[in-house]
Visitor: 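Just dropping this structure here.
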Amino acid sequence: MPAITEDFRRAMGWLHSWLGVTIGVVMFAVFWMGSLTVFAPEIDRWMIPETRIVHRERAISYDRLLANLPPEAARSDYINFVVPDARRPAIGMFYRAADGEFRSLDLDPATGAPIDATDSHAGTGFVYPFHLSLTIEWRSLGYWIVGLAALSMLILLISGLFVHRKIIAEFFVFRPKRHARRATLDLHNLSSLAGLPFYFLMPFSGLLIFAFLYLPWGMAEPFGGKLKDATAAISGEYAVAKPAGRPAPLASVDAMKARAEAMWAAAEGVPVRTNLVRVFNYGDVRAAVYFRNTFPKDRVTLSEYVAVFDGVSGRVLHDFAKPPIGHASAWVQGAHFVQFGHWPLRWLYFAGGLGGCVMIATGMLFWLRKREAKLSANSPGYRLVEALTIAGTSGLIAATGAFLVANRLMPADARFVMESRADGEVLVFWLVWLGTVVHAAMLRGRAWAQQCWLIAGLAIAAFLLNAVTTGDHFVAAVGEGLWAVAGMDLVLLIAAAIAGRSAVRLSPVRPAVPMPVAMPAE
Amino acid sequence: MVADEGAALILWRIAAGFVGGYALTSGFVALLGSVLPLAGMARGEAVSLAAMLALFVYVPACLLMFATRRPLRDGALLSAGAAATIALARAI
Amino acid sequence: MSAFLFLGALLSALTGCALLALSQARHWQAVTGSLSVARPGPRRSGYVLVATSLLLTVLLDGAGFAALFWPLLSGAAVLATAAVLAISPGLLRPLARLWEARPPGRR
């Protein structure tokens, strides 16, 4: 292999700065929302207060739940229960309605009755989909943009290693008191190196999770081009027959569940529990019941087992266990999903994700700082990158804060121009984000401090509004064992403190003319 | 060197790296997923393995297209390689 | 037991990173004011401690978790070390004394 020439270094430097500045905003958005997704169920509890239930281990009878289904659900050919746990204490349920759309509801774990919950997409319904598709559903475009950002991230990490000359010598170096450009680069290098394995693993595993979407031809070709056969062999998917239209009673789902878990425990040597209880063709002679241990708590590897039973006879139709390579792949994917029960690691993921945000933001900031003293700093290209960097980082965080505040302020029957209250919250998010773009384009560098003040204000408002509208203020939440709520509140306070401090530090030395700060829509 | 080039050549590097690299990666996954079963590996396992290795093809392909001093030749080679793996995978 | 393993992993990662930083002339000088780093210096002990933290995370909850936990824990330790060096390097002086006090050639 030829030595690393100066030419090669320059080429990598060119690639690193231009690819970074082109895709940086998307990467930041994906990392920011990904960091929040680590706590998506906790965000759900905060935004949907009716589901703030203290979890108790209790035997849940799915037979009883099925016997008491809402009428529309009882006619569905696809009824799914998500087994509750400490982070998702309500029984999650979704079903395919007659119009083909999925409806979801939360069931009280004690009574099985539907909970009249706040209509919000919250963490699982907005933050999480934003992380993986920017919620651009049209022809899966959002997934492809995020995929491109993930690929770019891997390229950036490798090219960055070649750009950075003194990796070892400057491993622990951070000089905040040196001039801003130097300090920005130090922080960029430091945050990159500290989280390097994590930053490699996240885009790698994220792309692997969607291998069927990103490489459909390559994945299906070995199966004669049949993608369904590929998913069956790799993920254990099972094609259930269409309903026959002849009614038949369903055998005990609880008995099937016990049998599935006993089969898995025998194979594994330790107890294995199911996360999903899915009934196909309920009430039909061709009913089938499907179990999967999607997210085990005691290991990283996910979805190792699938069992499908004939709904009428209770006979095993399909018994799938991940083979060795599939197992390795499931570990890599589990490392991205973070559904295991390991709190220190979960917090480190959150910190690692935020570290990634720092790495990306300081990278874009360094690009700007390098050029700010030059004539080109007034070119449209520079101003575009400047506005996108400000709005893409502090603006996005402010929009997230507005999303939380809107959740607490919006009345139950609010509709806006959207279909539902939940969509209204999302609309507020987008409007505030758009506002920060305009704000950044107009005020340029001064926008940083103002947007940081906005973040601090929104975080404190969200903290107070939770206390006022739900009564579960921080102290009460700790007292009642509502750790999700207490944790969210604590993070909001810390965010406000950091944003406030940043605002003070970023404020120009001479006081600027006070500008009205864009307030979230109420 | 990429930093001193005109737009046309840079666009060629981007296209060959990202699009050509994508084709090569698809071909690689299909080929490995088809060849390993001939040696007795389960087809699902072969495709799982190929999917995990895919980025070890794609990322270097992109890096190569930006690092090379002979973008026309290397881009053509990469595209030819993609065509060959895809054809081979289909033939098996 | 697991609390001890966790604390042990955390402490060994932190001290390990601090020692690795001290093994570099620039940080040694910032902490002790002396130009010459003790030879062979704290580098070897730094590596041993970082490796110890890996071992402890494996003992804590197996290789499957340690493969994720240890790199992130080490990364946090690197950041913490860099922050201490940037804000108040004097905090590391007691650690540096362990090496100062010994005549060169030992440890």
Visitor: Pro176(A), Gly355(A), Pro344(A): which one forms the most heavy-atom pairs within less than 4.5 Å of chain C?
Guide: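 Sorted descending by pairs with chain C, the first entry is Pro344(A).
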Visitor: Over all heavy atoms of both residues, which pair between Val300(A) and Gly64(C) is shortest? Give the atoms and the distance, please.
Guide: CG2-O, 3.4 Å
Visitor: So for Phe171(A), is it side chain, backbone, both, or neither that comes closer than 4.5 Å to the heavy atoms of chain C?
Guide: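 Both backbone and side chain.
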Visitor: Quick one: what part of Phe340(A) sits under 4.5 Å from any heavy atom of chain C, side chain, backbone, both or neither?
Guide: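 Interface part for Phe340(A): side chain.
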Visitor: CG/Leu196(A) to OG/Ser74(C) distance, rounded to the nearest 0.5 angstrom?
Guide: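 The OG atom of Ser74(C) is 12.5 Å from CG of Leu196(A), to the nearest 0.5 Å.
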Visitor: Parallel, tilted or perpendicular for Phe172(A) and His27(C), by the 30°/60° rule?
Guide: perpendicular
Visitor: Answer with side chain, backbone, both or neither: which region of Leu201(A) has an atom nearer than 4.5 Å to a non-hydrogen atom of chain C?
Guide: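 Contact with chain C is through the side chain of Leu201(A) alone.
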Visitor: Tell me, side chain or backbone of Leu85(C) under 4.5 Å from chain A's heavy atoms, or both, or neither?
Guide: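 Just its side chain gets close to chain A.
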Visitor: State, to 0.1 Å, how close Asp298(A) and Phe65(C) come at their nearest heavy-atom pair, and which atoms those are.
Guide: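 Nearest heavy atoms, Asp298(A) then Phe65(C): O-CE1, 3.4 Å.
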Visitor: Could you walk me through whether Leu193(A) and Val78(C) pass side-chain contact (heavy atoms from CB on, under 4.5 Å), step by step?
Guide: CA-CA 9 Å; Leu193(A) 287 173; Val78(C) 169; over 6 Å; no
Visitor: Does any heavy atom of chain C fall under 4.5 Å from the side chain of Ala351(A), the backbone, both, or neither of them?
Guide: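 Neither part.
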Visitor: Between Gly352(A) and Leu72(C), which heavy-atom pair has the shortest distance, and what is it?
Guide: CA-CD2, 4.3 Å
Visitor: Does a sphere of radius 6.0 Å around CZ in Arg505(A) hold more than 12 heavy atoms from other residues, nucleotides or ligands, not counting ones at 6.0 Å or beyond?
Guide: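 Not buried by this count: 12 neighbours or fewer within 6.0 Å.
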Visitor: Of the backbone (N, CA, C, O) and the side chain (C-beta and beyond), which part of Ala21(C) lies under 4.5 Å from a heavy atom of chain A, both, or neither?
Guide: both
Visitor: side-chain contact (heavy atoms from CB on, under 4.5 Å) for His342(A) and Leu68(C)? Distances and angles first, verdict last.
Guide: CA-CA 11 Å; His342(A) 194 313; Leu68(C) 300 172; over 6 Å; no
Visitor: Is it the case that atom CZ in Arg87(A) sees more than 12 heavy atoms from other parts of the structure closer than 6.0 Å?
Guide: yes
